[in-house]
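Naming convention: chains lettered A, B, ... in sequence-line order (proteins, then strands); numbering from 1 in each chain.
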Amino acid sequence: MSAFDDIFKLALERGFYFPSCEIYSDTNAGFWEYGPNGVKIKNKFLDLWRRELVRRDGMLEIDGTQIMSKSVFLASGHLKNFSDPVVKCIKCKSSFRADKLIQDQAGIEVPERLQNDKVDLLIKENNIKCPNCNGEFSTSERFNMMFKVEIGPNHDEAFLRPETCQSIFVDFPRIFKVSRGRLPLGIAQVGKSFRNEISPRQGLLRLREFYQAEIEIFCNPNKLDDLPKFEDIKNTILRIYDKQQLVEITATDALEKGILPNKLVAYYLSLLVEFFNKTGISNKRTRLRRLSDDEKAFYSSIAFDLEVDTSFGWLELVACNYRSDYDLMSHSNTSKTNLYVMDDDVKVLPHVFELSLGVDRCIYSILEHSYFIDKEKEDRILLKLKPYLSPIQAGILPLLKKDEFKKKSMNLLSLINKDFDVFYDESGSIGRRYRRLEEIGVPFAFTIDHQTIDDDTVTIRYRDSMNQERIKISDVKSFLALHLSID
RNA sequence: GCGACGGUCGUCCAGUUUGGUCUAGGACAUCAGAUUGCCAAUCUGGUAACCCGGGUUCAAAUCCCGGCCGUCGCACCA
């Protein structure tokens with residue numbers, strides 16, 4: 001059984017995530033729900049992201065709408081780049097851009113918005129055949145990854161955003177102004193994005209509706225090395241993969257050797273790495289992969305992917321793109337809005353460095369890297385989640401199902417359940433209850449036993465070591481606060 | 001989207017070849033009770049499923065058709 005199967009089974013059995021609308025048979029692939037435990041991990045993961053990136057760097061967070069107007073995507077290039085007519089050979093199944101074929105074989109210029117039936121007619125009239133096998137073509141289809149929606153009684157065209165960052169770009173001028181922003185300025189956002197993937201697969205790894213946590217750093221392109229806060233991360237170790245080679249190198253050395261282009265990129269990649277070091281994803285199984293020119297997105301001049309090693313191989317978790325002024329320039333032109341800002345008395349159109357994180361993939365990776373089977377102890381399954389990411393932080397377990405034990409348990413529960421995610425369980429043997437807790441990653445269990453009745457102390461049982469020690473009930477709150485702290 | 005294979009309690013599996021005691025069975029999980037009392041104990045009892053729609057038939061989990069979903073491969077993945 002693969003690690004993916006183990007996690008998938010655990011996710012279904014313990015309510016981390018599961019297919020959307022699963023009681024109906026017409027549910028579509030690529031849509032998944034987070035159950036109670038999944039939501040708690042996701043929220044805690046995002047809290048960590050905010051702590052280590054947004055607050056640490058003084059970024060501003062916004063929450064934009066998921067439906068955005070057509071003009072946004074005219075400017076962003078999404079409409080243009082994803083409305084190509086595609087035909088498929090019936091015989092050999094190869095796919096081709098229909099407009100390219102018609103141009104190549106018949107020399108006819110095909111207008112971009114030509115309707116599908118007209119495209120099909122052109123193919124028929126000009127007797128265009130598959131260049132591979134000379135086979136016939138199917139009727140043409142348009143692949144646009146964006147979901148179209150209709151607004152109001154006139155069915156005005158709008159779209160579900162295929163990436164959250166467009167909100168940040170279009171909101172930039174107001175935020176910069178009203179927040180009295182200064183370059184470099186990070187604007188962050190967590191939210192849903194939507195892509196109509198052709199074949200979504202593998203649970204949370206490829207979704208049609210998914211969470212992104214994106215950061216756009218707006219900067220002065222002439223000051224990419226003028227960054228005093230670089231000192232904070234100059235010794236951060238980065239694992240950079242380029243041209244089939246992995247180097248482990250400090251941020252400073254990476255700059256000096258020209259592996260990273262400037263201090264701004266080095267700084268934010270370092271913050272990102274320091275954040276991931278706190279997620280429980282094994283540092284040795286991550287890398288910053290430099291993308292080659294033919295892999296990069298059309299808007300990107302420098303691109304690194306933060307990747308993690310999983311049972312599927314290397315998986316992209318964060319796309320880090322230097323988007324230059326591509327976005328602000330095109331939004332400025334399309335909307336006819338001035339997006340220049342003042343930086344030290346000089347007017348600049350800011351450049352953008354982006355850290356675009358796929359939340360769902362991160363959650364999966366954290367689960368996979370936390371999953372252990374303890375062969376010594378009857379194959380006990382445990383999720384060694386960081387305590388601050390665990391969906392439940394402590395279990396409260398009466399050793400006996402007797403009234404005085406239950407009463408003490410309830411007292412402890414009400415003492416801490418507003419500040420922490422805790423779970424009370426009296427069902428089954430004490431060993432079984434410990435196992436149930438560690439399977440969802442609960443790091444601590446407090447057991448109310450005979451001695452509790454005498455002296456108001458409880459047993460703490462640790463998930464990873466299975467060790468036990470005693471603590472006063474009055475100290476439980478501070479114990480948790482201490483052991484759930486991040487640094 | 002194409003091709004191959006598959007879809008049965010929460011999970012894993014038996015049953016489908018050859019339609020009929022299948023009123024769908026087991027294990028684990030779960031719930032209740034008893035017993036026990038610090039690492040998945042035992043006993044008793046319970047809850048719980050044939051992916052959806054249509055067809056063939058006296059009779060469909062089983063055969064046929066369509067759809068949906070899943071795994072793998074191809075293609076796609078700004």
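- Figure legend: cation-pi geometry between A/Arg461 and A/Tyr434, with NZ or CZ positioned under 6.0 Å from the six-membered ring centre and within 45° of its axis.
- Look at B/G3: its Watson-Crick or wobble partner, with both distances under 3.5 angstrom, is B/C72.
- Side-chain atoms of A/Arg201 lie closest to B/G73 of the nucleotides B/G73, B/A32, B/C77.
- A/Val190 approaches A/Asp63 most closely through the heavy-atom pair O-OD1, 4.3 Å.
- Both distances falling under 3.5 Å, in either a Watson-Crick or a G-U wobble arrangement, occur for no nucleotide opposite B/U56.
- Counting only residues at least two apart or on different chains, the side-chain hydrogen bond (donor to acceptor under 3.5 Å, both in side chains) pairs with a member in residues 380-399 of chain A are A/Asp374-A/Arg380, A/Arg380-A/Glu438.
- Heavy-atom distances to RNA chain B give each of A/Met466 and A/Glu13 a nearest nucleotide, and the one nearer the 5′ end belongs to A/Glu13.
- For B/C52 and B/G7, the C1' atoms lie 12 Å apart once the distance is rounded to whole Å.
- Here B/A78 presents its P atom at 18 Å from CZ of A/Phe159, a figure rounded to the nearest Å.
- When both pairing distances are held under 3.5 Å, B/G45 makes a Watson-Crick or G-U pair with B/C31.
- Stacking of A/Arg287 on the aromatic ring of A/Trp314 is recorded, both the 6.0 Å distance cut-off and the 45° axial limit being met.
- Here, B/G70 and B/C58 have their C1' atoms 36 Å apart, quoted to the whole Å.
- B/U30 and B/G66 have their P atoms separated by 42 Å, with the value rounded to a whole Å.
- When distances are taken from the side chain of A/Asn28 to each of B/A40, B/C38, B/C68, the shortest belongs to B/C68.
- Remark: B/U18 base-pairs with no nucleotide in the shown strands. Criterion, Watson-Crick or G-U wobble with two distances under 3.5 Å.
- A distance of about 8 Å separates the C1' atoms of B/A24 and B/C50, rounded to the whole Å.
- Salt-bridge formation is not detected for the pair A/Asp425/A/Arg432: no Lys NZ or Arg NE/NH1/NH2 atom is positioned less than 4.0 Å from an Asp or Glu carboxylate oxygen.
- Distance from the side chain of A/Arg433 is smallest to B/G37 among B/G37, B/C31, B/A78.
- Remark: B/C39 base-pairs with no nucleotide in the shown strands. Criterion, Watson-Crick or G-U wobble with two distances under 3.5 Å.
- Along RNA chain B, the nucleotide nearest A/Tyr434 and the nucleotide nearest A/Asp425 are compared for position; the residue whose nucleotide lies closer to the 5' end is A/Asp425.
- Side chain of A/Gln468, nearest nucleotide from B/C39, B/C72, B/A78: B/C39.
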